[in-house]
There are 2 protein chains.
Amino acid sequence: MTKIKAAKNSSKKDVIINKAAALFRTKGFIATSMRDLADAVGVEAPSLYNHIGSKGEILTVICFKVADSFNKQLEDTESENWNAAEKIENIIRFHITMMVNNFNEVFVANNEWKYLEDPFLQTFLNQRRAYEKRLITLIETGIKKNKFKVINPYVAVLTLLSAVRGLGFWQKNNKNINAKELEDDMVNHLISGLIK
Amino acid sequence: MTKIKAAKNSSKKDVIINKAAALFRTKGFIATSMRDLADAVGVEAPSLYNHIGSKGEILTVICFKVADSFNKQLEDTESENWNAAEKIENIIRFHITMMVNNFNEVFVANNEWKYLEDPFLQTFLNQRRAYEKRLITLIETGIKKNKFKVINPYVAVLTLLSAVRGLGFWQKNNKNINAKELEDDMVNHLISGLIK
DNA sequence: CCTACCGATCGGTAGG
DNA sequence: CCTACCGATCGGTAGG
């Protein structure tokens with residue numbers, strides 16, 4: 001009985017979080033009111049609090065859901081028997097795929113994380129720094145093995161992450177390019193700029 | 001007499017706009033209250049309205065100041081007698097320089113423009129689309145002249161602009177890399193990924 | 001440039 | 001899940 005109730009709550013909670021991700025992306029976290037969200041869900045504002053604890057909790061769930069996805073993928077990639085260039089390419093492709101398939105949530109995690117409350121804000125920033133550090137290590141490996149140009153690895157990571165992040169502006173207004181072409185061209189541009 | 005008064009007003013207005021740009025960057029436009037801004041300027045909130053018409057006007061001034069800078073620079077670059085690669089490199093360097101030297105305002109124009117009110121919002125978006133289109137034309141020229149790889153020019157522009165935009169995350173927390181190295185490495189990465 | 005203040009809206013609670 | 005409602009804060013105005 002508790003299980004069923006938990007399942008039901010979790011399902012409605014998912015709806016709320018999905019609607020919230022869409023609103024947070026278009027309007028921003030602060031500019032989205034709980035009444036906006038309630039309208040989107042189809043209930044009155046106070047009813048939302050049967051499923052979530054606070055507005056901030058929704059943002060926390062979204063940001064860490066995205067962070068967990070990226071962390072898990074990076075772990076998987078690191079354990080593969082690939083060279084540095086292959087690993088970097090794999091990660092870039094994952095970033096692009098996530099941007100295309102989970103656009104709202106990734107955009108919110110990228111642009112609204114600053115409204116996280118402590119201690120979540122600190123945890124999020126720590127995780128992001130750790131993620132970047134592991135990418136830097138990958139770049140350094142490629143440089144050491146004489147496969148990559150000698151450039152500042154931090155700048156390389158910044159360039160890669162920023163480029164894929166910018167996909168947020170590939171709004172669907174450009175119908176004449178598909179996701180596959182986008183991904184291949186961007187990967188080509190970024191990887192060939194890196195390789196010796 | 002009117003001139004002196006105008007000069008004084010303009011000077012105080014500049015202070016307000018600079019403080020606002022810093023606050024809008026760190027807290028976001030919506031989350032920055034006029035009382036926050038008044039505190040930063042050193043007056044009471046209602047006094048701000050002797051210098052500016054509304055909170056929205058401040059954002060408008062910031063966004064179009066940045067847009068005008070980029071438009072002017074692009075016009076200058078286009079009229080130079082350079083090849084496509086040189087022009088693109090010049091523009092990337094300008095973007096990076098703007099990001100480093102006018103960080104607050106560029107960041108705000110990049111991230112908070114969605115809170116512009118009509119008709120300014122539409123004008124801003126139109127200008128941005130026109131800017132991107134001119135960059136696309138530059139890339140197409142390079143491809144046609146067999147200097148650039150055959151990739152989707154829109155994706156190339158997206159990659160370039162996104163990468164320099166991401167400099168917003170090069171907060172000053174990385175003291176061990178200077179602006180010049182950052183600029184050269186990023187330009188190298190992006191341009192060599194583009195050239196045949 | 002300030003004090004005093006306004007109507008609107010915010011996130012959230014009480015109680016059923 | 002709803003109605004009724006709360007204290008806090010918002011952008012901005014009146015008036016001097």
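Keep in mind it's a predicted model, so treat the numbers as computed, not measured.
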Task: Pairs flagged by side-chain hydrogen bond (donor to acceptor under 3.5 Å, both in side chains) wherever residues 59-70 of chain B is involved - sequence neighbours left out - done: B/K65-B/E105
- [ ] Between protein and nucleotides 9-16 of chain C, map the contacts as a letter string: B base, S sugar-phosphate only, - none, heavy atoms under 4.0 Å, written 5' to 3'.
- [x] -SBBB---
Task: Set of side-chain contact (heavy atoms from CB on, under 4.5 Å) partners for B/Q73, sequence neighbours left out - done: B/T77, B/N90, B/F94
Task: Partner residues of B/F148 under the ring pair (Phe, Tyr, Trp, His ring centres under 6.0 Å) criterion, sequence neighbours left out - done: none
- [ ] Could you run through DNA chain C and flag its stems, i.e. three or more consecutive Watson-Crick or G-U pairs with both distances under 3.5 Å?
- [x] C:1-16 with D:1-16
Task: Set of side-chain contact (heavy atoms from CB on, under 4.5 Å) partners for B/R35, sequence neighbours left out - done: B/S33, B/A45
Task: A/Y115: side chain to side chain donor-acceptor pair (under 3.5 Å) partners, not counting sequence neighbours - done: none
Task: Which residues share a side-chain contact (heavy atoms from CB on, under 4.5 Å) with B/N104, sequence neighbours left out - done: B/A21, B/A22, B/R25
Task: B/N83: side-chain contact (heavy atoms from CB on, under 4.5 Å) partners, not counting sequence neighbours - done: B/A85, B/E86
